[in-house]
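Data first, discussion second: the structure below is written as structure tokens.
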Amino acid sequence: MAERTGDLHQVDLGKMLDPKKFDIDLKTPEKPEELQSRLRREEAEDAHKHRISLYLHLFIMAIVAVALLTSIYLVVAGDPKTGLPDKAQATITAIVAAGLGYITGKGSK
């Protein structure tokens, strides 16, 4: 039987597929126990990250609240001759501007 090399086209998939674009991974399916264990671990890690984020957020908000209340006190009860009320007003303005920027920036995500 004669070969017909003119009719057949050889395709080299190794040249066509860029290994940087594709990731082929062969693995066996997870057992139900392994799947449940992995899901529990991921949920625990996610809960921990959320808890840390909440604590950090509350800590920063407490610091900002102390700075705001101190500045308001200095504006109301401070001696204008010392120049502290002017600095306290600038601090209040910065805190309010940052708060507004945070609120308006949250909606754009």
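Below, each value reflects all heavy atoms present in this structure, side chains not excepted, and no hydrogens, waters or symmetry copies.
The side-chain contact (heavy atoms from CB on, under 4.5 Å) test applied to K49 returns no partner, not counting sequence neighbours.
Cluster membership check: M61 does not share its hydrophobic cluster with I103, using side-chain heavy-atom separations under 4.5 Å among Ile, Leu, Val, Met, Phe, Trp and Tyr.
Grouped by direct or indirect side-chain proximity (heavy atoms under 4.5 Å, Ile/Leu/Val/Met/Phe/Trp/Tyr only), L54 sits with L58. Under a 4.5 Å side-chain heavy-atom criterion applied to ILVMFWY residues, the cluster that includes L35 comprises L39 as well.
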Can you list, pair by pair, the side-chain donor-acceptor contacts under 3.5 Å of residues 67-89, counting residues two or more places apart and other chains?
{"from": "T70", "atom 1": "OG1", "to": "V66", "atom 2": "O", "distance (Å)": "2.7"}
{"from": "S71", "atom 1": "OG", "to": "A67", "atom 2": "O", "distance (Å)": "2.9"}
{"from": "T82", "atom 1": "OG1", "to": "D79", "atom 2": "O", "distance (Å)": "2.7"}
{"from": "T82", "atom 1": "OG1", "to": "L84", "atom 2": "N", "distance (Å)": "3.4"}

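Sorted by first and then second residue, the salt bridge (Lys or Arg N to Asp or Glu O under 4.0 Å) pairs with a member in residues 36-48 read E30-R38, R38-E42; sequence neighbours excluded.
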